[in-house]
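Being a predicted model, the structure only gives us computed values, none of them experimental. Every chain is numbered from 1 and lettered A, B, ... according to where its sequence line falls, protein lines coming before strand lines.
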Amino acid sequence: MATMELEKTLPSAENNVEIMLDQVGMVYQNADGKDVTALTSVSLDIQKGEFVSLLGPSGCGKTTLLRIIADLLQPTSGTVQIGGETPRAARLKQRYGMVFQSAVLYDWRTVRKNVMLPLEIMKVPKADRIERADKMLKLVGLTDFADHYPRQLSGGMQQRVGIARALAIRPEILLMDEPFSALDEFTREKLHVDLLRIWRKTNKTIIFVTHNIQESVFLSDRVCVLSPHPGRLSAVVNIDLPRPRTMEMKETPEFTALVAKVRNSFEGV
Amino acid sequence: MATMELEKTLPSAENNVEIMLDQVGMVYQNADGKDVTALTSVSLDIQKGEFVSLLGPSGCGKTTLLRIIADLLQPTSGTVQIGGETPRAARLKQRYGMVFQSAVLYDWRTVRKNVMLPLEIMKVPKADRIERADKMLKLVGLTDFADHYPRQLSGGMQQRVGIARALAIRPEILLMDEPFSALDEFTREKLHVDLLRIWRKTNKTIIFVTHNIQESVFLSDRVCVLSPHPGRLSAVVNIDLPRPRTMEMKETPEFTALVAKVRNSFEGV
Amino acid sequence: MKRLKRFFRSGTMVTLVWVLGIAAIWEGFAYYVAQTKRTPLNVLPHLWQIIGSFFSDKMITGQMTMIQLIGNSCAETLSRAAIGFLIGTVLGYLLALLMNLSGIVEKIAFPYLMIIQMIPILGMAPIILAITGDINTSRIVIAAILTFYPVSTNTLAGFKAVEKEKHELMYSYAASKFQHYIKTIIPSSIPYFFTGLKISAPMAITASILVDTLQGGNGLGCMLSQSLKGGMSRLVFWDIVLISAVIGILSFYLMGLLEKLICPYKRKS
Amino acid sequence: SESAPGSAATGSSAASSSAGGESSEEIIKAASAAGKIGNWGLGNEYEIQALLTKYGLPTDYITQDFTMDQFDSDAVTLASAMTYNELGLVVNGYDGGYNYGDSVATIDMNDEGVAMLEDNLFCSKAFAQSNPNTVKAFVSASMKGWYYACEHPDEAAQIVFEAGSSVSADHQAYMAKEVAKLVTTDMKGNTVSADKVGQMQDEAMQQTLDLAKKYIILEDASAKEKLQSLTLDDIRSTDYLTYDKDKDGAVEKSAVSVQLKWLPQAQFMGYYVAKAKGYYDEVGLDVTIVSGGGDISETTAVYNGTVDFGVTWVSNLINADAGGMDLLEVAQVYQRSGLVLVYKKK
Amino acid sequence: MKQLKRLAHMAPNVLLPLGVAVLLVILWQTQVLHKLLGTDTITLPLPTRIGEIISQNTAAIGQHVEITLTVALGGLLLGSLLGYGIAVIATIFPKWGAGGLTIVSAFNAIPIVALAPVINNWTRDFSNDVSTRSTFAKILVVTIFCTASMSVNAFRGLTELKPFSEDLMKTYAARHTTVFAKLRLPNSVPYVFTALKVSVPASVIGALVSEYFAEDTVGVGRQIRENIVKGQYPTAWAYIAVACLIGISMYAILMLAEHFILKRRKG
Ligand SMILES: Nc1ncnc2c1ncn2[C@@H]1O[C@H](COP(=O)(O)OP(=O)(O)OP(=O)(O)O)[C@@H](O)[C@H]1O
Ligand SMILES: Nc1ncnc2c1ncn2[C@@H]1O[C@H](COP(=O)(O)OP(=O)(O)OP(=O)(O)O)[C@@H](O)[C@H]1O
Ligand SMILES: Cc1ncc(C[n+]2csc(CCO)c2C)c(N)n1
Ligand SMILES: [Mg+2]
Ligand SMILES: [Mg+2]
């Protein structure tokens with residue numbers, strides 16, 4: 001057994017805390033009346049502009065936690081604050097951008113129009129909308145497919161449209177649920193670099209769900225490891241690799257060591 | 001640019017060649033009459049009992065090639081021989097086991113009965129069927145779920161049922177199309193070890209499609225790198241790591257070097 | 001107490017409230033009609049008049065009370081509907097099988113299936129009578145014709161909806177055509193088949209009632225028609241409208257029940 | 001009964017055929033102008049159309065349903081009614097009646113000279129030729145039933161009621177009496193002896209055929225041609241009115257069926273009486289009575305062999321024969337038209 | 001060249017049934033069909049005779065077709081709108097709405113045409129003019145006939161959204177009207193077509209049957225009935241053929257509309 005590693009952050013007193021989770025718990029009520037405990041007592045503070053990964057095996061509650069932060073789910077215990085407000089207030093202020101585990105595209109809209117959808121809702125002027133959509137499509141390498149319909153795209157391409165759509169609204173808080181798991185390694189690595197570039201430029205707060213250890217280490221400031229049955233926060237690992245991150249770093253001993261550290265914090269569960 | 005690495009195997013004269021691809025090409029005819037070239041001139045010999053990975057980005061023709069070997073698709077050029085015969089003959093002799101990219105389970109059968117399905121078709125006696133199915137379910141860690149229906153399982157569990165089903169028929173040639181891509185890292189690693197153990201014991205020929213470089217290096221004797229537009233074999237890398245492979249090997253410099261080598265052979269495309 | 005609460009939130013309660021609501025609206029209009037029309041029975045009777053007439057021991061015809069009359073007629077009509085429904089189902093299923101087996105049969109038969117649906121069946125009835133020579137036989141034939149279409153098209157859709165991978169799985173096992181149908185195609189089409197049955201069961205009954213009106217004799221439709229033509233109390237008409245609605249709904253639920261018995265896997269969670 | 005010429009068919013003592021003041025012509029013209037003349041259509045409209053033509057009016061009418069609600073609510077002001085059925089409901093107060101009493105009056109087709117013969121008995125020519133004794137036996141036993149029924153309308157009504165009719169017993173009794181009048185009075189109002197029931201009066205038959213040729217509108221050119229070429233001999237035969245078992249021989253087919261023109265009611269009392277009194281048994285027939293009123297009309301059912309005999313109106317038979325059905329009238333039960341137009345007196 | 005190839009590919013789809021149709025007509029015209037079915041040329045008149053009657057009465061038939069089409073299309077439109085409206089309301093109040101829809105679909109189990117004569121009674125006060133109130137009654141029958149399938153299908157279209165597509169809207173803090181306009185409405189379009197595939201033939205059949213009982217003696221359906229009751233089978237067949245043609249052409253238009261409106265989604 002590897003040594004257990006727990007670096008839980010204490011409630012921070014700094015005032016640039018953006019997201020504050022306090023003893024958050026979630027119990028689902030199944031159709032047959034049975035209770036399923038998905039999360040117990042998760043406490044975590046995330047700084048403004050921080051890049052945090054949620055890492056854990058399938059079914060440990062990553063998506064649940066993300067949905068609670070996004071106000072798509074009400075926790076059954078504990079509280080969540082976003083910039084001092086409720087998640088609901090933050091949502092109504094349109095502070096969130098979300099990338100779902102599946103692409104969630106609208107069949108009847110072309111790729112470009114899918115990306116433009118949130119801009120329409122947020123009443124961005126038409127010319128702006130098109131410009132912003134096309135810029136995002138270029139970023140994810142889909143310029144040539146702007147006028148295609150989702151059905152004409154491969155799974156990986158669809159997922160990239162979802163990412164472009166989330167970035168197009170320039171959200172302050174970007175919530176990403178395993179956004180790259182459907183992609184091949186190369187597209188994925190390119191998008192890692194692009195995502196980090198955008199993040200650096202715009203100072204977003206990003207919560208990134210993944211079950212890929214390397215990915216989490218490469219991208220994040222902190223990796224939060226969740227463990228299952230019931231889901232809880234079992235370790236938080238600070239990633240002190242320098243920024244900007246480059247592909248070459250992946251071959252450094254520091255990187256390998258951090259990956260091993262995260263892995264061990266896992267196996268210690 | 002990294003140096004290009006090409007170690008294409010010459011047509012082997014040995015008589016334990018199991019699968020022989022000679023200038024295989026595939027041109028799809030689209031609905032609108034346009035031709036799509038998916039594969040051009042792939043030549044490759046695979047030894048009996050060899051573990052070969054097909055690696056490449058999305059859309060490069062991995063699935064196409066696998067389907068051609070399985071006689072699910074007729075190549076538009078070139079020839080394929082399986083043990084000196086046509087793929088069709090090999091299929092009719094029920095020499096293949098296949099794991100699809102999605103689980104492809106039957107809703108109306110329990111997990112055990114899903115695994116028993118091919119055994120029914122191959123007229124294995126009933127008592128045998130149950131025994132073999134249960135053994136395979138134990139292997140993939142689903143013994144407790146034998147009497148569940150597929151809907152009651154998570155995506156990863158479903159995929160494992162598909163693997164158990166393919167193994168249950170004890171095929172001589174096992175064709176696997178990204179079987180582990182839906183799984184989290186831990187389940188995946190456990191299955192890597194199990195798959196290698198079965199392979200060692202039964203001396204199957206395995207063709208394993210993936211887009212995960214680490215996975216391909218860890219598992220295979222040889223990694224065949226495909227490159228897209230149009231799909232072709234761009235490199236074959238021999239993996240001379242000792243057998244049996246262990247998890248610890250992943251942290252050795254040899255392993256890292258081989259991963260880098262494969263990666264480079266990619267980027268040279 | 002808790003149970004009572006549950007009941008008030010249940011689907012049964014919703015349906016109950018709806019039924020009561022509609023009954024109230026009906027009574028409202030019936031009251032208005034009773035005040036303003038000289039022959040309210042011909043326009044809209046009170047619900048209690050309709051229901052009361054069922055249990056009245058007044059002779060409706062020379063020999064029978066209402067409940068006897070309706071009971072006898074129901075038995076006649078329903079038995080004809082049931083036979084027609086059975087024949088239509090069997091033939092519809094066989095045709096779907098044939099269409100699935102042979103593209104030529106499908107290309108020929110499918111447009112005609114559509115066209116048969118367009119033919120005004122009441123106009124055709126005398127011709128069918130001329131061909132069969134017996135009114136009861138022709139009633140059965142018409143019920144069968146109307147059942148035929150939904151069963152056939154829905155079942156065919158079910159056959160076609162089998163995923164490509166399932167066909168390939170069977171193919172890779174070198175399963176015979178018979179095994180292919182028995183193990184894959186037919187079981188997976190069952191939900192579609194039942195969709196067809198759910199449409200056609202009430203239709204067979206409705207059709208049977210309508211065709212009854214064509215010539216004298218016994219049956220719900222005959223009585224309904226006689227009542228409309230002033231041959232007997234108008235309450236007979238209203239009773240039959242009510243009864244036919246109830247039977248039609250029951251037949252729908254019966255098919256649903258059958259489906260649940262046959263495919264338990266469809267039960268949720 | 002004491003029915004006097006001219007008022008024979010307007011049997012209800014209440015409804016009279018001459019309303020004070022207004023003439024038939026004025027009433028018809030007013031109703032036509034308002035578009036409120038009603039009929040059931042489906043082959044029952046020819047007499048009305050003949051009447052309208054007689055007064056130089058367009059032949060449009062509103063389709064009546066089988067109640068008299070439209071008349072009651074003035075949606076139709078000049079409504080078709082059979083003396084024995086709808087008129088009874090309009091006038092009388094019993095169950096199902098509208099109780100207008102003598103506040104309504106009628107216009108009688110017989111008086112207007114546009115009457116056509118109604119309920120008869122027919123079969124297909126082919127059937128008559130190959131089963132002459134069956135036809136004779138059936139006709140004579142049926143006419144015996146009619147004779148008895150006309151003599152004893154109350155008993156006949158009771159028999160019909162018990163045979164499964166669902167119309168109220170009161171109305172059935174009324175109907176039986178009115179039907180008896182149609183059987184025993186001719187178009188001119190002369191009494192016809194009930195023992196001659198079934199006879200075919202050529203003059204009335206010819207009038208019916210002539211009106212039919214004028215008012216049956218056909219879109220089918222060859223049927224049109226056939227219609228115009230029809231003669232009485234094409235549509236009726238008097239050869240089957242009497243049956244002598246010893247002379248003619250036994251029936252060829254003993255189980256026969258007859259389809260009525262309408263629902264089971266006293267309109268067809270003769271057949272019910274013949275069955276109940278065993279007249280059919282006497283001649284060796286086992287008779288099934290099939291009620292009518294559905295869209296598979298009696299002409300169709302007889303033509304395609306679903307039933308052996310039918311009761312229809314002569315105009316319907318002519319219509320079917322024009323279409324090529326080759327049907328043959330073997331007895332004429334009603335000697336005058338039972339159709340009237342009823343209206344509310346001012 | 002490529003288009004030609006595609007045409008050649010499509011050819012069997014059209015040629016095969018057409019060939020069978022030709023064969024059928026030949027068997028019919030040569031009376032082989034009559035021998036097979038054991039019927040005669042009056043109940044089943046020859047195609048040439050039917051064609052003759054149609055061609056000799058185009059003006060009259062045209063008038064009846066116009067009336068029947070008005071009723072069928074009017075009822076289809078009203079019924080579909082009503083059905084969609086019910087579905088929208090059911091979407092707004094999902095719990096009560098779903099229960100109500102069960103009731104609405106129960107209407108499918110009543111022989112609604114049996115209600116046609118009663119509906120005549122209900123609409124008697126609608127207008128003094130027979131043709132107006134009769135048309136209204138007929139349209140009402142067709143409306144009721146078409147409502148259920150539209151409301152049930154449209155409700156599914158408005159509520160059976162792809163997983164998370166509603167959540168997506170929520171993250172944008174979209175208002176209910178926006179969710180409706182940008183998500184539910186477009187999502188329901190294919191379902192609307194599914195409903196129309198049922199209700200287009202139903203509207204034609206409904207129009208024919210409603211004419212059976214109508215006060216106004218017009219329309220293709222009424223002509224079918226008049227001629228059948230009067231024993232004029234060749235003429236009845238001419239009208240049956242016309243009715244089939246109406247149904248088939250309406251269906252064909254629907255299929256074309258579906259093809260053009262939905263083709264983009266299918267890729
Ligand atoms: N709606 C629900 N009702 C009941 N249980 C649920 C529901 N949603 C999730 N769960 C349960 O809660 C637990 C956590 O689920 P969650 O989706 O958050 O996992 P996850 O970490 O995102 O997994 P994955 O990597 O597979 O996406 C699981 O055990 C799951 O079965
Ligand atoms: N039935 C088909 N018709 C036309 N083109 C096809 C068809 N199947 C595949 N293709 C094309 O052939 C190429 C190779 O497809 P293939 O499915 O073999 O890729 P893959 O390597 O398995 O990709 P992935 O990793 O996404 O599964 C792609 O460009 C694809 O668009
Ligand atoms: C389909 C059809 N509708 C109406 C009549 C008219 N009609 C003739 S006899 C009779 C019953 C007694 O009046 C009625 C209403 C008909 N013959 N056939
Ligand atoms: Mg998740
Ligand atoms: Mg693939």
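- Side-chain contact between D:T67 and C:T39: absent, with no pair of heavy atoms (C-beta onward) separated by less than 4.5 Å.
- Within 6.0 Å of CH2 on C:W26 lie more than 12 heavy atoms contributed by other residues, nucleotides or ligands.
- By the 6.0 Å contact criterion, CG on D:D95 is open, its count of non-hydrogen atoms from other residues, nucleotides or ligands being 12 or less.
- A 6.0 Å sphere centred on CZ of C:F29 holds no more than 12 heavy atoms belonging to other residues, nucleotides or ligands.
- By the 6.0 Å contact criterion, OH on C:Y32 is open, its count of non-hydrogen atoms from other residues, nucleotides or ligands being 12 or less.
- For chain D, the nearby parts of C:L214 are the backbone and the side chain; heavy atoms of each come within less than 4.5 Å.
- Considering CG of C:L129 and CG of D:D295, their distance stands at 12.0 Å, rounded to 0.5 Å.
- Judged by a 6.0 Å distance limit and a 45° cone about the ring axis, C:R38 is positioned over the six-membered ring of D:Y100.
- Of the two parts of D:Q259, only the side chain, counted from C-beta on, holds a non-hydrogen atom closer than 4.5 Å to a non-hydrogen atom of chain C.
- For the atom pair CD of D:Q265 and CE of C:M232, the computed distance is 11.5 Å after rounding to the nearest 0.5 Å.
- Atom OH of D:Y94 has more than 12 neighbouring heavy atoms from other residues, nucleotides or ligands inside a 6.0 Å radius.
- Each of D:T306, D:V290, D:V307 has some count of heavy-atom pairs under 4.5 Å with chain C, and the biggest count is that of D:T306.
- Of the atoms belonging to D:Y98, heavy atoms from both backbone and side chain fall under 4.5 Å from chain C.
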